[in-house]
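To start, the structure under review is shown below, and the notes come after it.
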Amino acid sequence: MSEKILLIDGHSILNRAFYGLPDLTNSEGKHTGAVYGFLNILFRILEEEKPQYLTVAFDLHAPTFRHKMYEAYKGTRKPMPEELREQVPLIQEMLTAMGVKIVTMEGYEADDILGTLAGRSEKKGMDVTILSGDRDLLQLATEKVMIRLPRTVRGKTTIEDFHAEQVLEKYQVTPPQIVDLKALMGDSADNIPGIPGVGEKTATKIIAEYGSVENAHEHLEEIKPNRAKESLREHYDLAQLSKALAAINTDSPVEFDYEQAKLGNLYTQGAFLLCKRLEFKNLLGRFDSENAQPQQQLQEFFSCSDLSGCETLFDKAAKQEYVGVSLVAEQGQVFGVGLALDSEEVYFIPVEGLLTENYLCGKLQQLLQKSSHGALTICSMDVKSMLKYVDGEDFGEIFDTGVAAYLLNPLKSSYTYDDIAKEYLNGRLLPSREELLGKMTLEKAWQQSEDGLVNMACYMAYTALVSREPLCEALKETDMWRVYTEIELPLIFTLNSMEKWGIKVKGEELKSYGERLNIRIAELEQLIWKQAGEEFNINSPKQMGIILFEKLGLKGGKKTKTGYSTAADILEKLAPEYPIVKDILEYRQLTKLKSTYADGLEKVIERDGRIHSTFNQTITATGRISSTEPNLQNIPVRMELGRLIRKVFVPEDEYVFLDADYSQIELRVLAHMSGDEKLIQAYREAQDIHRLTASQVFHVPFDQVTPLQRRNAKAVNFGIVYGISSFGLSQDLSITRKEAADYIERYFETYPKIKGFLDELVEQGKKKGYVTTMFGRRRPIPELKSSNFMQRSFGERVAMNSPIQGTAADIIKIAMNRVYKRLKEEGLRSRLVLQVHDELLIETYKEEIEQVSAILEEEMKGAANLSVELEVDMHQGNNWYEAK
DNA sequence: CTTATCACG
DNA sequence: ACGTACGTGATAAGG
């Protein structure tokens with residue numbers, strides 16, 4: 001078997017990968033999608049080809065590189081987008097790290113290098129594979145040289161392969177004749193003129209018959225279409241020039257050492273580190289853990305499993321200024337505690353023997369208690385998750401790595417110790433949880449060997465302790481110190497209290513509600529099947545799309561890449577005409593209620609008869625909190641049938657619910673932040689904002705606004721908060737874009753300062769790369785720099801929305817902290833149990849109703865001092881349905 | 001493990 | 001021309 005060499009057209013493949021994949025960025029906002037795509041294609045081809053040699057050719061001057069497909073279509077030339085340009089050095093660095101030979105040469109394009117190397121290698125008796133996205137290279141195909149052209153269609157990459165034979169099949173000319181073909185037809189993307197009046201069809205015919213431009217010219221009189229004959233006669237010199245331009249130089253003086261191109265182990269340590277830096281998590285798995293991964297200089301950790309040693313440790317910890325703590329626990333089961341006294345003295349205390357779960361949690365509580373420490377600050381990666389295992393509500397000073405890192409960059413999906421070490425400890429690389437434990441659960445890891453667990457616990461405690469200083473510095477640097485200390489840190493305890501109290505749910509009522517739904521669901525199912533003429537899975541959009549749009553022939557064609565869209569807004573337009581659609585919509589609604597709410601909630605009722613949701617503080621990009629397992633922030637309310645579910649959420653005996661929500665907080669925030677006098681005035685006079693907007697926008701007297709006008713104006717107000725676009729508004733109101741644009745224009749005429757304010761936000765976002773809330777919370781917006789219109793537009797809307805949504809989030813967080821503090825300090829039995837973005841639910845002891853109402857009103861209204869009042873609506877009830 | 005759908009603010 | 005409203009989370013299908 002002969003040897004094989006793989007030659008890659010570097011820029012071309014990078015380009016393919018860039019346009020074929022969504023624009024990936026790592027958590028630092030570095031664009032990495034093209035590099036990732038390149039590596040995936042590379043690995044795939046290597047597996048298929050198994051070559052002995054590999055080399056990648058690059059043009060020396062990247063900026064001359066173009067996206068040919070795009071240009072061929074547009075007929076214009078655009079510079080390489082910045083997102084792609086910055087990835088060129090990255091892929092070269094990656095290839096070099098993998099020991100892959102890169103070839104460039106002054107004065108020659110990558111094409112020429114590839115052509116030359118292909119020729120030389122073939123002469124040596126090798127098989128050659130050229131990987132490129134550029135069809136020009138087809139001229140290089142022979143019996144031994146195969147050109148592989150990857151094509152990305154809807155995210156799937158297929159590869160077209162060409163030996164000489166396949167070129168002939170597809171283009172009716174031999175590979176070298178491709179050059180002659182181009183000489184006649186030209187190639188706008190490559191600036192090859194060709195000759196006028198000759199396109200692909202004619203050119204192919206001529207070359208297939210006469211073999212070359214020169215021979216065709218000799219037989220000029222025989223050339224068939226007259227137009228072509230005359231053109232060739234007149235522009236023969238142009239044809240020859242084009243031919244020269246199209247021909248790839250197969251004899252360039254490139255120096256090439258086959259030894260250096262020998263394919264070795266790609267999975268080197270350097271490549272591993274780079275993959276890690278770029279966050280190619282999927283690729284990391286390819287690396288052989290022994291060869292590639294750097295020797296983890298595991299820090300020296302100590303285990304302590306005897307009672308007196310443990311006591312000593314905690315005593316010592318309590319006397320310090322700072323101590324790093326981690327709790328290794330999962331689903332109520334505790335495995336051990338990590339304790340970092342200083343950077344060199346990190347301990348793991350396993351649950352073992354006398355050191356029981358209870359004992360350890362008790363020690364942790366003592367450490368956290370306010371009374372126990374004078375000047376001690378407990379540093380942890382995630383304080384709230386630790387508090388879950390600790391009693392009491394009177395805690396001392398803490399530092400929370402996760403919350404701090406979240407404020408500094410709220411766009412990350414997680415805040416693990418290895419990421420934080422990398423980012424805030426000078427690129428320090430620690431072994432990640434996955435590297436230590438794999439995909440094992442804690443329990444499995446514990447049973448197998450506690451080594452990984454020990455390391456993880458210690459690294460967590462260590463990182464929490466050591467990264468405190470740089471994180472605090474960064475918070476001060478970015479003017480977020482106050483948001484951190486005055487809003488987020490106290491919020492940890494507020495949320496902890498809410499999670500621990502939970503909310504009482506009537507399980508039996510939930511069950512009967514579900515059964516009631518089931519009766520109707522079964523009816524609808526039969527009804528739908530009957531109308532469809534067959535039984536099918538109504539829950540499958542795929543099956544339903546086929547039934548509706550193919551079998552029953554409803555109009556309203558394709559929408560998604562996988563088939564027909566059967567989303568509610570599409571179906572609703574069809575509902576008046578087709579009864580089956582109405583039934584499907586009702587079926588959807590009921591099954592949603594059944595599975596997500598009736599069944600879903602029942603599953604998470606704990607033994608105390610209450611649901612304990614988790615409120616996540618480090619998820620959203622804007623500063624809101626989110627709720628999981630279950631999500632209690634999306635319990636139905638808009639439709640009556642769904643709203644009934646709220647009747648199962650009840651206060652304990654002797655308690656009632658007090659529900660308080662901010663009235664139009666986001667619009668009020670907008671009024672304040674923009675300083676628009678008209679809007680401020682309107683709120684001061686307690687006017688109906690939507691009606692007022694309607695009267696201004698539609699130029700009608702205030703008291704003659706029709707309900708439709710008011711509804712439209714309300715949508716405009718919402719649109720403003722979301723970062724208005726005429727398309728979005730038109731979609732929402734089912735009007736034309738022109739009309740929507742009209743509404744917006746008149747809105748901005750009415751409230752000129754709002755226009756200025758929003759423009760300023762976008763400008764600030766573009767200039768600084770982030771926008772801020774009233775309290776200084778930041779939201780980075782990397783999309784604003786994108787060359788992609790859609791992405792950039794998204795960035796602009798985000799720039800307009802985030803400060804408003806985020807400021808509202810800040811305000812209610814402040815209110816929560818204040819309410820929590822007042823309830824505690826005034827020794828009340830009432831407690832905060834839920835937050836739903838602009839709403840707080842308090843399980844109120846009946847004798848405290850008056851006092852709690854006053855606290856709620858006072859603290860919610862007083863949470864921020866705006867130029868308009870913060871109005872609060874409050875209701876009382878024996879369940880959530882009544883109280884809302 | 002991603003996609004479509006739908007619940008909330 | 002581009003083809004979207006902002007922010008979330010849970011469920012069921014179907015690779």
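First the proteins, then the strands, lettered A, B, ... as listed; each starts at 1. These numbers come from a predicted model, not from an experiment.
- Among the nucleotides dT8(C), dG15(C), dG9(B), the one closest to the side chain of Lys542(A) is dG15(C).
- Contact annotation: Ser565(A) reaches the phosphate of dT5(B) (side-chain N/O to OP1 or OP2, under 4.0 Å).
- Against DNA chain B, the stretch residues 835-843 of chain A makes heavy-atom approaches under 4.0 Å through Val836(A), His837(A), Asp838(A).
- Scanning DNA chain C for stems, defined as runs of 3 or more consecutive Watson-Crick or G-U wobble pairs whose donor-acceptor distances all fall under 3.5 Å, gives the following ranges: B:1-9 with C:6-14.
- You won't find any donor-acceptor pair under 3.5 Å spanning the side chain of Arg797(A) and the base of dG7(C), going by distance alone.
- Nucleic acid contact for Thr566(A): sugar-phosphate only, since backbone atoms but no base atoms lie under 4.0 Å from a heavy atom of the residue.
- Counting only N and O atoms by type, the side chains of Ser802(A) and Thr622(A) include no donor and acceptor under 3.5 Å apart.
- Note on residues 768-790 of chain A: pairs passing salt bridge (Lys or Arg N to Asp or Glu O under 4.0 Å), not counting sequence neighbours, are Glu488(A)-Arg777(A), Arg777(A)-Asp810(A).
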Distance-only check: which donor-acceptor pairs under 3.5 Å involve side-chain atoms of residues 598-605 of chain A, not counting sequence neighbours?
from      : atom 1 : to        : atom 2 : distance (Å)
Asp599(A) : OD1    : Lys594(A) : NZ     : 2.8
Asp599(A) : OD2    : Lys594(A) : NZ     : 3.0

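- The one candidate from Lys504(A), Glu843(A), Glu882(A), Glu509(A) that meets the side chain to side chain contact (heavy atoms under 4.5 Å, CB included) condition with Val650(A) is Lys504(A).
- Counting non-hydrogen atoms under 4.0 angstrom, Ala568(A) reaches the backbone sugars and phosphates but no base.
- Scored by the ring pair (Phe, Tyr, Trp, His ring centres under 6.0 Å) test, Phe718(A) finds no partners at all (sequence neighbours excluded).
- For the residue pair Ser663(A) / Asp873(A), no side-chain donor-acceptor distance below 3.5 Å is found, with atom types taken as modelled.
- Note on Gln543(A): only backbone sugar-phosphate atoms sit closer than 4.0 angstrom, heavy atoms only; bases stay farther off.
- A gap of 32 Å separates the P atoms of dC6(B) and dA1(C), to the nearest Å.
- Judged as a salt bridge (Lys or Arg N to Asp or Glu O under 4.0 Å), the pairs with a partner in residues 662-671 of chain A (not counting sequence neighbours) are, in order, Arg624(A)-Glu666(A), Arg668(A)-Glu871(A).
- For Asp759(A), the side chain to side chain contact (heavy atoms under 4.5 Å, CB included) criterion is met by Lys755(A), not counting sequence neighbours.
- Judged as a salt bridge (charged side-chain N to carboxylate O under 4.0 Å, His left out), and not counting sequence neighbours, the contacts of Glu534(A) are Lys551(A).
- Nucleic acid contact for Ala809(A): none, since no nucleic acid atom lies under 4.0 Å from a heavy atom of the residue.
- Straight-line distance between the P atoms of dG3(C) and dA4(B): roughly 16 Å, to the nearest whole Å.
- Residues Tyr747(A) and Tyr743(A) keep their aromatic ring centres 6.0 Å or farther apart.
- Proximity note for Phe789(A) (side chain, C-beta onward) versus dG7(C), dA7(B), dC2(C): the nearest is dC2(C).
- Within 4.0 Å of Leu729(A), counting heavy atoms only, lies at least one base atom of the nucleic acid.
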Please list, for nucleotides 10-12 of chain C, all pairs of protein and nucleotide N/O atoms separated by less than 3.5 Å.
from    : atom 1 : to        : atom 2 : distance (Å)
dA10(C) : OP1    : Glu629(A) : N      : 2.8

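- Under 4.0 angstrom from either OP1 or OP2 of dC8(B) there lies no side-chain N or O belonging to Arg643(A).
- None of Leu510(A), Asn634(A), Leu517(A) except one satisfies the side chain to side chain contact (heavy atoms under 4.5 Å, CB included) rule with Tyr597(A); the exception is Asn634(A).
- Checking the phosphate oxygens (OP1, OP2) of dT4(C), no side-chain nitrogen or oxygen of Gln791(A) falls inside 4.0 Å.
- Note on residues 724-745 of chain A: pairs passing salt bridge (Lys or Arg N to Asp or Glu O under 4.0 Å), not counting sequence neighbours, are Lys738(A)-Asp742(A), Asp742(A)-Arg746(A).
- Between the side chain of Arg588(A) and the base of dT5(B), no donor-acceptor pair of N or O atoms lies under 3.5 Å.
- Between the side chains of Gln664(A) and Tyr683(A), at least one donor N or O lies within less than 3.5 Å of an accepting N or O.
- Of the side-chain N and O atoms in Arg779(A), one or more sit less than 4.0 angstrom from OP1 or OP2 of dG7(C).
- Annotation: proximity of residues 714-721 of chain A to DNA chain C (heavy atom, distance under 4.0 Å) is found for Ala715(A), Gly719(A), numbered in ascending order.
- Judged as a side-chain hydrogen bond (donor to acceptor under 3.5 Å, both in side chains), and not counting sequence neighbours, the contacts of Thr566(A) are Arg588(A).
- Phosphate proximity of dT4(C) to Ser793(A): absent, as no side-chain N or O sits under 4.0 Å from OP1 or OP2.
- Side-chain atoms of Ser786(A) and Glu83(A) include a donor-acceptor pair closer than 3.5 Å.
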